[in-house]
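A short write-up of the structure that comes next.
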Amino acid sequence: MSTSAEAPGTDNATIKQAIADAHLPSLIAAVVHLTGDTSLITGDIKPIYDFFGDGQGGLTDAQKARVQAAAFDAIKAYLAKGKPKAQPLPMDTIRRMMTFVAGAEIPERYVPFLLEELALEGSDVKSGHWAEDLPAAVKKSFRVLIIGAGMSGTLAAIRLSQAGIPFTIVDKNSDVGGTWFENSYPGCRVDNPNHLYSYSFEPNYDWPQHYSTQDKLHAYFRGVAEKYGIRQQVRFNTEVVQSTYDERRATWSVRLRGKDGKEETVEANAIISAVGQLNRPKYPDVKGRETFKGKSFHSGAWDHSVDLKGKRVAVIGTGASAFQFVPAIAGDVGSMVVFQRTPPWLGPTPDYHEAVGEGQKWLLKTVPFYAQWYRFWLFWMLTDGIYPMVQSDPAWNGPNSVSAPNDMLREMLTACLKMQTGEDEAFFKKCLPTYPPGGKRSVRDNGVWIAALRRPNVELVTDPIVEITPNGVKTKDGKEYEADVIIYGTGFQASNFLQPMKFKGRDGVDLHEQWDGDPRAYLGITVPNFPNLFVMYGPNTNIVVNGSIIFFSECEIRYIMGCIELLLRKGYAAMEPKRDVHDAFNQTIDAGNAGMAWGSPLVNSWYKNAKGRVTQNWPFPLVDYWDRTRAPNPADFEFETKKAAAAE
Ligand SMILES: Cc1cc2nc3c(=O)[nH]c(=O)nc-3n(C[C@H](O)[C@H](O)[C@H](O)COP(=O)(O)OP(=O)(O)OC[C@H]3O[C@@H](n4cnc5c(N)ncnc54)[C@H](O)[C@@H]3O)c2cc1C
């Protein structure tokens with residue numbers, strides 16, 4: 001969370017240390033704010049988009065020294081003058097600074113979007129001033145039920161409470177945080193830099209690491225939920241079982257079940273489902289799983305009572321979670337066999353486990369606009385900046401890649417892997433993906449994964465598993481690997497959206513029967529036949545390479561608040577998307593996904609459902625989702641009037 005505490009120390013040594021830790025292009029932008037002098041961004045220094053560089057835009061040592069000297073003088077003067085308020089800069093200067101910091105020409109259509117991300121006014125720009133003119137009584141007449149108190153549900157509760165809309169929030173867990181409460185496996189951490197993976201309106205200048213561990217993430221989300229008075233309101237240990245729409249009254253009846261099995265029904269005018277995509281563990285469909293005599297558990301429900309010291313451990317899966325817990329436990333276990341179906345692409349990330357420097361924290365807290373530009377840089381670098389590298393070129397027919405830029409990325413990642421695996425050609429081949437980069441979410445690599453697999457007590461097995469036996473794991477070649485413990489790193493039931501809950505909508509239509517294994521929603525949020533059901537992190541709102549889910553959730557809740565405002569302002573009781581609008585949208589999504597690395601026929605992943613359709617991912621740049629969710633278009637919806645609802 002943002003900290004208003006003054007950073008200690010303003011002496012020369014502190015400033016020098018801070019500058020040494022700085023992201024220099026962002027620091028230069030901050031210096032322009034402090035001095036109004038644009039010469040640093042209009043001269044010979046021109047940062048480049050250096051995805052594989054040292055993160056300093058390819059500046060030469062001489063340029064770095066020049067920038068550091070100018071920054072020192074500017075910060076010193078700013079502190080000596082008692083931290084005067086910076087004068088606003090003209091828009092053309094801001095525009096130039098965007099290109100400068102990003103190291104790329106920013107297309108015009110991105111400017112309003114990036115200006116909002118940049119949030120130079122420092123306010124919570126995405127909250128809007130929600131329907132301030134609507135009487136409190138009108139707002140209070142509308143009650144929302146939020147299902148889930150993870151990152152998305154907490155956000156929804158914050159926005160509703162800011163708006164004065166009454167709500168009930170329930171979660172099956174005993175605490176807030178969702179993903180970051182449940183996944184307590186050793187080594188669990190975020191894969192997006194934390195200064196980006198935080199709510200835009202609640203920056204945390206004290207993240208201990210660039211990619212902090214689960215306990216820090218959980219503390220952050222709990223802290224935010226407490227600060228906004230949300231955690232105190234959550235009905236914990238309460239699961240939503242079924243929601244039924246009452247057409248006559250235009251309300252939802254929602255059946256809740258407590259941990260003790262007791263049930264009750266509550267009513268709401270609208271439901272916000274915030275149950276996540278990665279919430280229900282998935283186990284492999286292998287015979288004999290229940291026959292295993294030792295201990296076994298899933299990474300998403302780690303059994304901390306099992307002491308792994310000295311044990312023979314079998315790990316099934318090499319996805320994002322296994323990638324984090326294998327190196328964390330490899331030194332403790334007696335022996336470990338890692339069963340791999342497909343290897344992940346490793347994205348070089350030297351600072352993956354590194355602490356954020358004290359100087360960097362000082363800059364974030366002390367120098368105006370440094371934090372905003374740093375977040376802006378991360379945002380561009382890791383979101384739409386990388387998007388072209390994972391787009392398919394229909395004319396391209398190179399192996400294991402989908403376009404020339406994608407092939408270049410593949411070659412660079414292959415060379416990085418080769419550097420780690422050395423002369424061991426057989427091992428290199430086992431670790432080298434045979435699908436295009438971006439086909440699946442790549443993992444952040446600082447060398448610990450390959451180092452763990454090369455330990456003398458660890459073996460990487462790529463022969464397919466055919467059976468779990470009472471004693472261990474059997475592979476196709478007939479070998480049986482004995483184990484005391486099996487750990488499933490096999491992911492989540494991602495495409496079973498909103499399950500195992502039941503939703504009965506208009507005319508008693510069942511949501512999962514309507515979807516028939518192929519979940520679809522308009523903008524991932526609304527579904528025909530399900531009036532006033534709003535979904536967060538719904539179908540096609542996940543991302544593979546570009547961005548953080550928090551960005552999507554912030555867009556979704558703004559849109560949902562816009563929908564509620566439409567209802568209240570016009571006196572409507574309910575809304576649902578028009579079927580043709582919904583269908584046309586989904587056709588665009590399918591065509592978009594077919595043009596991306598993860599939609600390639602070369603790729604088989606959890607992003608695709610049993611029918612081979614990509615149900616998880618947003619296929620376009622983030623700017624498009626932002627643009628489409630700024631406000632609902634009334635023409636996209638069927639509305640139900642209160643009068644009609646009451647008269648039936
Ligand atoms: C190990 C792991 C690492 C990840 N790393 C990243 C990352 O680096 N960057 C990124 O952007 N995303 C990452 N993700 C995705 C992550 O899930 C999202 O970023 C985000 O946490 C989703 O928040 P959410 O609130 O939408 O869903 P969740 O965090 O899954 O929360 C859903 C909540 O709903 C509750 N719930 C579910 N069903 C019911 C029910 N029927 N009744 C009541 N309550 C219910 C659950 O108990 C849970 O608290 C990661 C996911 C995992 C599993």
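In each ligand, atom 1 is the first atom listed, and ligand 1 is the first ligand listed.
- Atoms of ligand 1 found under 4.0 Å from any heavy atom of Ile147 (numbered from 1 in listed order, with element): 40 (C), 42 (N), 43 (C).
- When only interatomic distances are considered, the shortest N/O to N/O separation between Leu278 and ligand 1 does not fall below 3.5 Å.
- For atom 32 (C) of ligand 1, the candidate residues are Gly489, Ser174, Ala274, Pro500; the nearest heavy-atom contact is made by Ala274.
- For atom 31 (O) of ligand 1, the nearest non-hydrogen atom of the protein is Gly178 CA, 3.6 Å.
- At under 3.5 Å, a nitrogen or oxygen of Arg280, whether backbone or side chain, sits near a nitrogen or oxygen of ligand 1.
- If you check the side chains of Tyr110 and Glu117, you find no donor sitting under 3.5 Å from an acceptor.
- The nearest heavy-atom contact from the protein to atom 30 (O) of ligand 1 is Asn279 ND2, 3.4 Å.
- Residue-level proximity to ligand 1 for Glu239 is carried by backbone and side chain together, each with a heavy atom below 4.0 angstrom.
- Interface atoms of ligand 1 facing Ser548, defined by a heavy-atom separation under 4.0 Å, are 11 (O).
- Side chains of Thr629 and Arg558: no donor on one and acceptor on the other come within 3.5 Å.
- Note: Trp302 and Tyr185 have tilted aromatic rings, judged against thresholds of 30 and 60 degrees for the angle between ring planes.
- The shortest N/O to N/O separation between Asn192 and ligand 1 falls below 3.5 Å.
- Between the side chains of Lys172 and Asn279, at least one donor N or O lies within less than 3.5 Å of an accepting N or O.
- For the residue pair Ser152 / Glu556, no side-chain donor-acceptor distance below 3.5 Å is found, with atom types taken as modelled.
- Taking a cut-off of under 4.0 Å to the non-hydrogen atoms of Asp191, the atoms of ligand 1 that pass are 7 (C), 8 (O).
- Looking at ligand 1, you'll find an N or O of Met151 within less than 3.5 Å of one of its N or O atoms.
- The part of Arg441 lying near ligand 1 is the side chain, judged by heavy-atom distances below 4.0 Å.
- Considering backbone and side-chain atoms together, Val240 places an N or O closer than 3.5 Å to an N or O of ligand 1.
- Taking only nitrogen or oxygen atoms, main chain and side chain alike, Gln277 does not reach within less than 3.5 Å of ligand 1.
- Of all the atoms in ligand 1, the ones that sit under 4.0 Å from a non-hydrogen atom of Gly148 are 33 (C), 34 (O), 35 (C).
- Gln616 and Trp598 form no side-chain donor-acceptor contact under 3.5 Å, judged by distance and modelled atom types alone.
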Stepwise side-chain contact (heavy atoms from CB on, under 4.5 Å) test for Ile271 and Phe530: CA-CA 10 Å; Ile271 294 177; Phe530 294 84; over 6 Å; no
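- Counting atoms of ligand 1 from 1 in the listed order, those under 4.0 Å from a heavy atom of Tyr197 are 9 (N), 10 (C), 11 (O), 12 (N), 18 (C), 19 (O), 20 (C), 21 (O).
- Side-chain contact of Gln162 with Arg159: a donor-acceptor pair under 3.5 Å is present, judged by distance alone.
- A donor-acceptor contact shorter than 3.5 Å is absent between the side chain of Thr615 and the backbone of Arg520.
- Every atom of ligand 1 with a heavy atom of Asn173 under 4.0 Å away is listed here by number and element: 47 (O), 49 (O).
- In summary, the atoms of ligand 1 found under 4.0 Å from a heavy atom of Phe492, numbered by their order in the structure, are 53 (C).
- Annotation: ring-ring contact (aromatic ring centres under 6.0 Å, His included) contacts of Phe534 (sequence neighbours excluded): none.
- Side-chain contact, Ser212 with Asn194: a donor N or O sits under 3.5 Å from an acceptor N or O.
- Geometrically, ligand 1 and Lys172 share a nitrogen or oxygen pair separated by less than 3.5 Å.
- Of all the heavy atoms of Asn183, the ones lying under 4.0 Å from any atom of ligand 1 belong exclusively to the side chain.
- Using a 4.0 Å cut-off to heavy atoms of Thr238, the atoms of ligand 1 that qualify are 43 (C).
- Below 30°, between 30° and 60°, or above 60°: for Tyr374 and His23 the angle between ring planes is between 30° and 60°, a tilted geometry.
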